[in-house]
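This report refers to the structure that appears directly beneath it.
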Amino acid sequence: MASLRTKLTVQLQKTLKELCDNGTLACDPPAIFLTPTKQASHGDYACSAAMALAKPLKAKPRDIAMKIQGALGNANGLLEKTEIAGPGFLNFFVAKEAWHQALAEILDAGDAALCSDLGAGEKVLVEYVSANPTGPLHIAHGRGAVTGDVIAKLLVKAGYKVEREYYVNDLGHQTDILGRSIYLRYAELLGRSFVTPEDFYPGEYVIDIARTLVEEFNEKFLDAPEAEWLDDFRERGIKWMLGRIREDLAAFGVEFDNWVSEKELTARVGLEGVIDRLQKAGHVYEEEGKRWFRTTDLGDDKDRVVVREDGRTTYFASDIAYHDDKMSRGFNTLINIWGADHGGYIARVRAGLAALGYDPKDLEVILVQMVSLSRDGEAVKMGKRLGTAVWLADVIEEAGRDATRYFFVMRRSESQLEFDLALATKKSLDNPVFYAQYGHARLCALAQKAVDKGVPEPTLGPGALDPLVLPEELDLIRAMDKAPDVIADAARAREPHQVVHYIQDMIAGFHSYFSQYKNTEKVVSDDADKTRARLLMCRALRNTLAGLLGILGVSAPERMDFEAEPGEEGGVTE
RNA sequence: GCGCGAUUAGCUCAGCUGGAUAGAGUGUUGGCCUCCGAAGCCAAAGGUCACAAGUUCGAAUCUUGUAUCGCGCGCCA
């Protein structure tokens, strides 16, 4: 759906092209954009094109603005008037009728009201989480999970064809450590004592896995050499962990189209082929018995080993193969959501793509900064190796799925996130998800109020929206109208937090409107025409809000339970 | 040392390809419930946009340098 701003931009572009074509403006048509204004006296949208053109045209900005103003007219009925202000701003005042028309279109569009065709069907692959199956998901994985999930949803709304993918590192040294850790716990459960080696996963979950192996194998491997049990222990450990990771993600509302196993992928494509291609392109050399990829030629800090002395390939080698596989599946854009601690990895993966003949810019990496968790005002130290990680599942249980998801995308990815569990569970507006959900519930209550009073179901007919003339009502329509723009912008920038702020603004506008007129211009009143118009507006608002919350994966409750503490069972009624 | 990220109100943070008087929440202070949901609303107070140069009609935004904090710098993943 096109917003009014988009329609007006199109009109303005058309006008400028005409002015340039007929010589009124002796230049090429400039790229223009409309900005929403900050104050009502500046109209609804402003454009600074005249100022930008002043220098190349060697003319006064205000004179240029006047020419544009005259040629634009009422922009096909969209505008009530255009004013020239300040150094040369064009301030556009949208006609009431155009807002009513916009609202009618929003109501007609239904779910499509949030959509745009920015992506034009382009294929995008979003890879996120991809946590090693050597331990449960912790809180930082959670942030990456929601970030990826919401970016994927935004891209879908913005007209991209999206696939979501989890890359499972089910090969390598770390998985061996998992297998050995399980074995030590297995032996312990069978009465043996042990000292923990340096490479060891200390988490409780390892004991849970070991318990299943005691059940399966009894004492079969108790004194057996490693070669006899390692494969079984490793594979069962990975399978168990992956099962738990899937459960945690499902409980969090995070889903994937594909789970790509490193083990299966490398078996299928064969790393030798990929390394040969690197070699043929002249990027591989041998030294000290190892095969190196000269990534320094392609923007990396140092060269990287792809094949070790003993012939085993490195993780990096399979990651090159994985990204090659992604590109070969026809994606124009690869978006990877990584933790900030993987930042140093970007250059070498890009180098891999470049060496294989792809444009390295097609890989975008969103680095999600760390989450610092505090509980009751005290910082909680994190350390996966120390077993002091905070599991995502525990956080969700404590704060609730809605609040947790909302918190994780509230801030820009580049900002470190302060996650205060006490705050997230608190019944206050520090916890903005409740504010937004409350707004939705209030809109539902309004609709119910109308039903209770015997007001007929409002229908959209000619002139039905004409009674909407209060400035706050027009503001609300304007807020809704820009939804496809906000989503497209957020999708383009890969910035979920923009949606959060948009929701907050829209809800604040509604609460303000509601409170201000609760004793005068009520939504449900004795005036049938006004009631119908306002109920229609509220319906659009409710739909918009529900759609936005849906993008965040946060529920839009029809009622809020006032008694229960948020975060506990029943705190939010679906 | 090098790379990436951050630095904006007491606190937590927005600020959209450079635009008009830098915003929101929270906290503080003071007002609103015979009301369609007060988990709400309204108002006040609160700023050297880390610092310094530069680019131009115009900089929180772009460039360079400095400072402080976080992350990374493995033939782990």
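Given the structure is predicted, the values throughout are model-derived calculations rather than measurements.
- Using bins of under 30°, 30° to 60° and over 60° for the plane-to-plane angle, the ring pair Trp259(A)/Tyr166(A) lands in the parallel bin.
- Residue-to-nucleotide proximity on RNA chain B shows that, of Arg442(A) and Val305(A), the 5′-proximal contact is made by Arg442(A).
- If you measure from atom CG of Leu34(A) to atom P of rC16(B), you get 17 Å, rounded to the nearest angstrom.
- Spacing between rA22(B) and rA9(B) at atom C1', rounded to whole Å, works out to 11 Å.
- With Phe293(A) as the aromatic partner, Arg348(A) does not meet the cation-pi criteria of under 6.0 angstrom to the ring centre and within 45 degrees of the ring axis.
- When rounded to the nearest whole Å, the span between CD1 of Ile32(A) and C1' of rU17(B) equals 13 Å.
- Between Tyr438(A) atom OH and rC36(B) atom C1' the separation is 11 Å, expressed in whole Å.
- Annotation: Asp310(A), atom CG; neighbour count of heavy atoms from other residues, nucleotides and ligands within 6.0 Å is above 12.
- In the set rC76(B), rC35(B), rU56(B), the nucleotide with an atom closest to the side chain of Lys55(A) is rU56(B).
- Nearest heavy-atom pair, Leu446(A) versus Leu535(A), reported as atom, atom and distance to 0.1 Å: O-CD2, 4.4 Å.
- Both geometric conditions, a ring-centre gap below 5.5 Å and a plane tilt below 30°, are not fulfilled together for Phe89(A) over the base of rG19(B).
- Rounded to whole Å, the P atom of rU61(B) lies 16 Å from the corresponding atom of rG65(B).
- The distance between atom CE of Met51(A) and atom P of rG58(B), rounded to the nearest whole Å, is 12 Å.
- Spacing of P atoms, rA24(B) relative to rC41(B), comes out at 13 Å, to the nearest Å.
- Ring pair Tyr345(A)/His342(A) is perpendicular by interplanar angle, where above 60° counts as perpendicular and below 30° as parallel.
- Here the OH atom belonging to Tyr167(A) is positioned 9.0 Å from the NZ atom belonging to Lys326(A), to the nearest 0.5 angstrom.
- Between the side chains of Glu165(A) and Tyr322(A), a donor-acceptor pair is found at a separation under 3.5 Å.
- Lys302(A) has a side-chain polar atom (N or O) that falls below the 4.0 Å cut-off from OP1 or OP2 of rG74(B).
- Nearest to the side-chain atoms of Asp341(A) among the listed nucleotides rC71(B), rA77(B), rC36(B) stands rC71(B).
- Across the P atoms, rG74(B) and rU55(B) are found 41 Å apart, a figure rounded to whole Å.
- Put simply, CD on Glu127(A) is 12 Å from C1' on rA77(B), counting in whole angstrom units.
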Interface polar pairs with nucleotides 42-44 of chain B, N/O, under 3.5 angstrom:
from    : atom 1 : to        : atom 2 : distance (Å)
rC42(B) : OP1    : Ser512(A) : OG     : 2.9

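- Going from the P atom of rC16(B) to that of rU7(B) covers 12 Å, rounded to whole Å.
- Here the CZ atom belonging to Arg308(A) is positioned 14.5 Å from the CZ atom belonging to Arg291(A), to the nearest 0.5 angstrom.
- Aromatic ring orientation, His511(A) versus Tyr438(A): parallel (interplanar angle below 30°, classes split at 30° and 60°).
- Lys522(A) comes within contact range of at least one nucleobase, with a heavy-atom separation under 4.0 Å.
- When the P atom is compared between rA43(B) and rU26(B), the two are found 14 Å apart, to the nearest whole Å.
- Between Glu83(A) atom CD and rA20(B) atom C1' the separation is 14 Å, expressed in whole Å.
- Secondary structure note: stems in RNA chain B built from 3 or more consecutive Watson-Crick or G-U wobble pairs under 3.5 Å occupy B:1-7 with B:67-73, B:10-13 with B:23-26, B:28-32 with B:40-44, B:50-54 with B:62-66.
- Residue-level contact check: Glu288(A) touches the bases, meaning some heavy atom is under 4.0 Å from a base atom.
- Projected onto RNA chain B by closest heavy-atom contact, Asp170(A) and Asn91(A) fall at different nucleotides, the more 5' of which corresponds to Asn91(A).
- You'll find that the side chain of Phe514(A) is closest to rA38(B), out of rA38(B), rG19(B), rA20(B).
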Per-nucleotide protein contact string for nucleotides 3-15 of chain B, where B marks a base within reach and S marks sugar-phosphate only (heavy atoms under 4.0 Å, - for neither): -SSS-----SSSS
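- The environment of Met370(A) atom CE is dense: over 12 non-hydrogen atoms of other residues, nucleotides or ligands sit within 6.0 angstrom.
- With P as the reference atom, rA45(B) and rG25(B) are 15 Å apart, rounded to whole Å.
- Lys518(A) has no side-chain polar atom (N or O) that falls below the 4.0 Å cut-off from OP1 or OP2 of rC32(B).
- Between the NE2 atom in His501(A) and the NE2 atom in His497(A) there is a gap of 5.0 Å [rounded to 0.5 Å].
- Distance Glu198(A) CD to rC76(B) P: 14 Å, rounded to the nearest Å.
- In this structure, the nucleotide among rC36(B), rC41(B), rU56(B) sitting nearest to the side chain of Ser515(A) is rC41(B).
- Nucleotides rA59(B) and rU63(B) are separated by 12 Å at their C1' atoms, to the nearest Å.
- Separating the CZ atom in Arg405(A) from the CG atom in Leu549(A) is a distance of 11.0 Å, to the nearest 0.5 Å.
- Looking at Gln174(A) and Tyr201(A), their side chains do bring a donor and an acceptor atom within 3.5 Å of each other.
- Applying the 90° cutoff around 0 to the glycosidic angle, rC33(B) is assigned syn.
- Distance, Asp300(A) CG to rG72(B) C1': 12 Å, rounded to whole Å.
- Contact annotation for Tyr345(A): base contact, defined as any heavy-atom pair under 4.0 Å involving a base atom.
- Residue Glu262(A) is in sugar-phosphate contact alone, with no base atom involved, counting any heavy-atom pair closer than 4.0 Å across all strands shown.
- In this structure, Phe419(A) and Phe408(A) have tilted ring planes: the angle between them lies in the 30° to 60° band.
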